[in-house]
Amino acid sequence: MIIKTKTDIPSSEITDPLIFKERRKIIKAILAAMAAGVRISPASADNNNLAWASLPKSEFSANSLTPTPAELIKNYTNYYEFAFNKQDSTKLAQNLRTDPWSVEINGEVEKPGSYYLEDILRRQTLQECIYRFRCVEAWSMVVPWVGFSLSSLLKMVKPLSTARFVKFTAVHQPEIMPRQHNNAMLEWPYAEGLRIDEAMHPLTILAVGMYGDMLPKQNGAPLRLVVPWKYGFKSIKAIVKIELLKKPPVTSWSQFAPNEYGFYSNVNPAVAHPRWSQSSERQLGSGFFTPRRQTELFNGYGEQVASLYRDMDLRHFF
Ligand SMILES: Nc1nc2c(c(=O)[nH]1)N[C@H]1C(S)=C(S)[C@@H](COP(=O)(O)O)O[C@H]1N2
Ligand SMILES: [Mo]
């Protein structure tokens, strides 16, 4: 199977079809090499997690944040292609084949093409990014993602000056995704979007791993977006297409309920969801008596991102 690419990647660097079957291994090896010096940290050994101690840390990884236990992150997932219920979506997501995987990148770029994930990864620097994650349903967690900045991928394909927005499209596989099969709720495939400056912001990453290992399928393997200052639904899982556009894309949730899920959807405690308050959040894994956390504007990343929204009125912001 040959995927045509219009890229400047020398052919020697494009994966040989003979090692096609080894893709998963290659990606694992890339992760491992990045993390040279695996050790088990006493703190996480209880959870059966390997802490890949020397994976370089993103400058935005706050040391003050304690990651939510992996078992919780892995078992409490929103993946509506599979199920509405968080346990069922975790289980059914195991049916997704994530290997081989390629991403089509097109639109307002100099180098459109279909890129194999491992060819993308070879050119990226993986980092550990410990980020807060806030779902619009008012729960939150802290996730130690492994990923690379979206901007460095976009730079690889050279956006044209006409590129003003980026649209992301998730995989469409109704055979294994029951709710796509039934046409339930959203227009499938799941699609999300960012303004180009949001996409180029260094906080915005594409994640391929979590807790120093490959991303679990239910958490969006093999490639998902993470935009930590926006509500979780913007962080689209299982991306197969990235388009650079002149106009704002139609996105699944804002198409479904425009008055509840806006295109921007920046975390904002002052703007209530029509059906519930956004002023506080339940932290996954916190004890019964732990008070809810006060939600912060831009999920606590205001210092980094507030300037992107200088001209906008935060009171009408969703
Ligand atoms: N393709 C796809 N991406 C998705 C979703 C989804 O249903 N399908 N759910 C979103 C929502 S609502 C949230 S809160 C996060 C959840 O990420 P997690 O399951 O890894 O915690 O994924 C987002 N990305
Ligand atoms: Mo969500």
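One-based numbering, in listed order, for ligands and for the atoms of each.
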Undergrad: Give every donor-acceptor pair under 3.5 Å between a side-chain atom in residues 191-206 and any protein atom, sequence neighbours left out.
TA:
from	atom 1	to	atom 2	distance (Å)
E192	OE1	K234	NZ	2.7
R195	NE	D197	OD1	2.8
R195	NH1	Y264	OH	3.1
R195	NH2	D197	OD2	2.9
R195	NH2	L308	O	2.7
E198	OE1	R195	N	2.9
E198	OE2	K230	NZ	2.8
E198	OE2	Y309	OH	2.5
H201	ND1	L203	N	3.0
H201	NE2	Q304	O	3.0
T204	OG1	E198	O	2.8

Undergrad: Please work out, at 4.0 Å between heavy atoms, whether the side chain, the backbone, both, or neither of K234 comes within that distance of ligand 1.
TA: neither
Undergrad: Would you call R275 and E260 a salt bridge, taking side-chain N to carboxylate O under 4.0 Å as the test?
TA: yes
Undergrad: Remaining members of F288's ILVMFWY cluster at a side-chain heavy-atom cut-off under 4.5 Å?
TA: F289
Undergrad: Heavy-atom contacts with A170 under 4.0 Å: which atoms of ligand 1 show up? List them by number with element.
TA: 1 (N)
Undergrad: N219 to ligand 1: N or O pair under 3.5 Å?
TA: yes
Undergrad: Please report which non-hydrogen protein atom sits nearest to atom 6 (C) of ligand 1, along with the residue it belongs to and the distance in Å to one decimal place.
TA: Y190 CE1, 3.3 Å
Undergrad: Tell me which one of T77, L96, V171 satisfies side chain to side chain contact (heavy atoms under 4.5 Å, CB included) with K237.
TA: T77
Undergrad: Starting from atom 7 (O) of ligand 1, find the nearest protein heavy-atom neighbour and note its residue, name and distance.
TA: Y80 N, 2.7 Å
Undergrad: Please list, in number order, the atoms of ligand 1 under 4.0 Å from a heavy atom of I236.
TA: 3 (N), 24 (N)
Undergrad: Students often mix this up, so state it plainly: with edges at 30° and 60°, are the rings of F233 and Y231 parallel, tilted or perpendicular?
TA: parallel
Undergrad: Any chance you could lay out the side-chain hydrogen bond (donor to acceptor under 3.5 Å, both in side chains) test for R293 and S140, step after step, and finish with the verdict?
TA: CA-CA 9 Å; R293 174 173 192 272; S140 70; 5.6 Å; no
Undergrad: Counting each atom of ligand 1 from 1 as listed, which ones have a heavy atom of C135 under 4.0 Å away?
TA: 14 (S)
Undergrad: Could you work out, for atom 13 (C) of ligand 1, the closest of P216, A238, S235, G232 by heavy-atom distance?
TA: G232
Undergrad: Are side-chain N/O atoms of Q278 and T295 paired as donor and acceptor at under 3.5 Å?
TA: no
Undergrad: Evaluate R224 for polar contact with ligand 1, using N/O atom pairs at a separation under 3.5 Å.
TA: yes
Undergrad: May I ask you to identify the nearest protein heavy atom to atom 11 (C) of ligand 1, giving residue, atom name and distance to one decimal place in Å?
TA: F233 CA, 3.6 Å
Undergrad: Can you classify the ring geometry of F82 versus Y79 as parallel (below 30°), tilted (30 to 60°) or perpendicular (above 60°)?
TA: perpendicular
Undergrad: Which protein heavy atom lies closest to atom 9 (N) of ligand 1, and at what distance to 0.1 Å?
TA: N78 O, 3.2 Å
Undergrad: Relative to the ring of Y76, is the ring of W139 parallel (under 30°), tilted (30 to 60°) or perpendicular (over 60°)?
TA: perpendicular
Undergrad: Can a non-hydrogen atom of F82 be found less than 4.0 Å from any atom of ligand 1?
TA: no
Undergrad: Kindly identify the option in K74, K237, E81, M141 whose heavy atom sits closest to atom 8 (N) of ligand 1.
TA: E81
Undergrad: Decide if the gap between the ring center of W229 and the ring center of Y301 is smaller than 6.0 angstrom.
TA: no
Undergrad: With a 4.0 Å heavy-atom cut-off (strictly under), which part of F133 contacts ligand 1: side chain, backbone, both or neither?
TA: side chain
Undergrad: Under 4.0 Å from a heavy atom of T77: which atoms of ligand 1 are those, numbered in the order shown and with their elements?
TA: 19 (O)
